[in-house]
Chemist: 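I am attaching a structure below and will ask some questions about it afterwards.
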Amino acid sequence: MKITTDIHAAVQALKNGNLVAFATETVYGLGADARNPTAIKKVFVAKGRPIDHPLIIHVGSIQQISDWACDIPDSAWQLAKEFWPGGLTLILKKRADVADLITAGQESVAIRIPNHPLTLNLLQEFGSGLVGPSANKYGHVSPTTAAHVLQDLKDSEGLILDGGPCNVGIESTIINLLEAEPVIMRQGAISITAISKVLRHPIAIATAQVTLKTSGSHASHYAPHTPAFVLPLNAILQQVATYLQQNQPCSVLSFSKKPANISSNISWQTVPHEPQQYVRELYANLRQHDQLQSSAILIEAVPQTVEWAAIANRLTRASFKK
Ligand code: TXA
Ligand code: MG
C-alpha cells in the first residue's frame, strides 16, 4: 500500500474496486466499495480475515442508513442523531440487496458514520458506503496511524489516506438493535452510560461468549506478537526482577514511574492515569514495545471501573494465552 493525502486519487481507487485505508477517530479502517463484491474480497485477503467475520459499513450521512438497513427502529435514529459522526456502530436488519460477504450471510448489518474530516469528505465524494474493518492483519493490534497500516499491509495493493493519528484510539462501541432490548456487542469509544442516557434505560452487555464472537472468534485479538501479561504493579516488579536475573529484555507499561533500581534492559513506559489519554496511546504503545524484541510486555492492570471497562476488555484480549 502507498500513503497519500490525495483524496481524489482515493475516491478514484475506490471506484476502480481497489482498497483505500482511511483514518477515523477510533482506528484506521481498510476501505472498499460496499457495492462491489470483488473489492470486498480484497479486504478479507489483505487482512487474512476469515470470511465468516462480518464487516462494518461506513456511510457519510444519517439518511444513508436506509440504503443498507430496513425495519429501522426509532432507537437507531435517536442514537445516530446523538452520536454520529462518532464511535457507535448500529446493528440493524439488513436490506435484501446487501452483499452476503459483508454480513457473513446473516440477516443483520453493522453501520456507522466515522468522525474524521478527511474521511467524511472521502465518503461524501464517494457517495456510497465503504466496508471498513480495522486496517490491521487479522488478530493483530488495530492501527492508529498511517504508518501502522503500512506495517501490517505493506504487501497489499492500494492507498492509505493519511489523516494523522486517531483521536480516540479504541474501536467503536457496537450495539445490536435487532431485538426489543438493545444489547452491547462490543464495548468501545462511546460509553454505555452515554447510550443508556439517550435510550432512557439501562443497556445489557452481551455475555462474554457472544461478544467474543462479534469481535473475532478467538479470545486472542488486538494482540501484539510479543507475549503480553496484565498484572498488578507488585507482580510486575517481581517479574522484572526475574527477567533481569536471566538477562532478558522486557517491556513495562505502568502508571508509576520507573523505579530507580531498575536497569536499562527494561523498557519502562509510564502511561496516563486518565482513561481517554491512556487509550489514545495504547495501540501505538503496544506496537512500539512489540518492536523491541522483548521477552514480554508487562501491562499494569487498569482500575475496575466503568470508565476503564472497554480498555480492560482490550487488554484481556491482547494478553490472552491459549
Ligand atoms: O471503530 C471501528 O469500529 C473500526 C473503524 C475502522 O470503524 N472498525 C472495526 O472493524 O473495528 P472490525 O471489522 O475490526 O470490527 C468490527 C466488528 C467485527 O468483529 C464484526 O464481527 C462485528 O463488528 N460485526 C460486523 N457486522 C456485524 C453484524 N452484522 N452482526 C454482528 N457483528 C458484526
Ligand atoms: Mg478489528
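In this text, all values refer to a predicted model and were calculated from it rather than measured experimentally. Counting convention: from 1, in listed order, for ligands and their atoms alike.
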Chemist: List in chain and number order the residues that pass salt bridge (Lys or Arg N to Asp or Glu O under 4.0 Å) with Lys93, two or more places apart in sequence or in another chain; answer none if no residue qualifies.
Modeler: Asp71
Chemist: Out of all atoms in ligand 1, which are within 4.0 Å of some heavy atom of His58? Include the element for each.
Modeler: 5 (C), 6 (C), 7 (O)
Chemist: Just do the ring pair (Phe, Tyr, Trp, His ring centres under 6.0 Å) check on Phe22 and His116 with the steps written out, would you?
Modeler: CA-CA 9 Å; Phe22 55 87; His116 190 290; 9.4 Å; no
Chemist: Residues two or more places apart in sequence or in another chain: which of them pass side-chain contact (heavy atoms from CB on, under 4.5 Å) with His273?
Modeler: Phe255
Chemist: Restricting to under 2.8 Å, identify the protein N, O or S atoms around the Mg ion (ligand 2) as residue plus atom.
Modeler: Ser134 OG
Chemist: For ligand 1, find out whether one of its N or O atoms is nearer than 3.5 Å to an N or O atom of Arg49.
Modeler: yes
Chemist: Has Arg35 got its NZ or CZ under 6.0 Å from the middle of the six-membered ring of Trp68, at an angle within 45 degrees of the ring axis?
Modeler: yes
Chemist: Answer yes if the ring centres of His53 and Tyr138 are under 6.0 angstrom apart, and no otherwise.
Modeler: yes
Chemist: Which heavy atom of Lys47 sits nearest to which heavy atom of Pro133, and what is that distance?
Modeler: CD-CG, 3.5 Å
Chemist: Side chain, backbone, both or neither: which part of Glu171 comes within less than 4.0 Å of ligand 1 when only heavy atoms are counted?
Modeler: both
Chemist: For ligand 1, note which part of Asn176 has a heavy atom under 4.0 Å away: side chain, backbone, both or neither.
Modeler: neither
Chemist: Determine, using ring centers only, whether His140 and His225 are less than 6.0 Å apart.
Modeler: yes
Chemist: Does a side chain donor of either Arg112 or Thr24 reach within less than 3.5 Å of an acceptor in the other side chain?
Modeler: yes
Chemist: Check ligand 1 against Pro133 and write out every atom of the ligand that is under 4.0 Å from a heavy-atom position of the residue.
Modeler: 10 (O), 12 (P), 13 (O)
Chemist: Does Gly132 have a non-hydrogen atom less than 4.0 Å from ligand 1?
Modeler: yes
Chemist: Heavy-atom distances under 4.0 Å are what count here, so tell me which part of Lys94 touches ligand 1: side chain, backbone, both or neither.
Modeler: neither
Chemist: Which of the numbered atoms in ligand 1 are under 4.0 angstrom from any heavy atom belonging to Ala110?
Modeler: 25 (C), 26 (N), 27 (C), 29 (N)
Chemist: What do we get for Arg186 next to ligand 1 when only non-hydrogen atoms under 4.0 Å count, side chain, backbone, both or neither?
Modeler: side chain
Chemist: Minimum heavy-atom separation for Pro143 and Val149, please, with both atom names.
Modeler: CB-CG2, 3.7 Å
Chemist: What about Thr26: any of its N or O atoms under 3.5 Å from an N or O on ligand 1?
Modeler: yes
Chemist: Distance-only check: which donor-acceptor pairs under 3.5 Å involve side-chain atoms of residues 171-180, not counting sequence neighbours?
Modeler:
residue, atom, partner, partner atom, Å
Glu171, OE1, Tyr283, OH, 2.9
Glu171, OE1, Arg314, NE, 2.8
Glu171, OE1, Arg314, NH2, 3.2
Glu171, OE2, Ser142, OG, 2.5
Glu171, OE2, Tyr283, OH, 3.1
Ser172, OG, Thr89, OG1, 2.7
Ser172, OG, Arg186, NH2, 3.2
Thr173, OG1, Gly188, N, 3.1
Thr173, OG1, Gly188, O, 3.4
Thr173, OG1, Ala189, N, 3.3
Thr173, OG1, Ile190, N, 3.0
Thr173, OG1, Ile190, O, 2.6
Asn176, OD1, Leu178, N, 2.9

Chemist: Under 3.5 Å, N or O to N or O, is Ser108 touching ligand 1 that way?
Modeler: yes
Chemist: With a 4.0 Å cut-off on heavy atoms, does Thr103 reach ligand 1?
Modeler: no
Chemist: For ligand 1, indicate whether the residue His116 contacts it via side chain, backbone, both or neither (heavy-atom separation under 4.0 Å).
Modeler: neither
Chemist: We want to know whether Thr4 and Asp6 form a side-chain donor-acceptor pair, criterion being a heavy-atom distance below 3.5 angstrom.
Modeler: no
Chemist: Give the numbers and elements of all ligand 1 atoms closer than 4.0 Å to a heavy atom of Gly29.
Modeler: 6 (C)
Chemist: Let me see the working for Leu282 and Leu315 under side-chain contact (heavy atoms from CB on, under 4.5 Å), right down to the final yes or no.
Modeler: CA-CA 9 Å; Leu282 175 64; Leu315 293 179; 4.0 Å; yes
Chemist: Which one of Gly188, Ala21, Ser172, Pro54 has a non-hydrogen atom at the shortest distance from atom 26 (N) of ligand 1?
Modeler: Pro54
Chemist: What are the two closest heavy atoms between Ser256 and Trp268, and how far apart are they?
Modeler: O-NE1, 3.0 Å
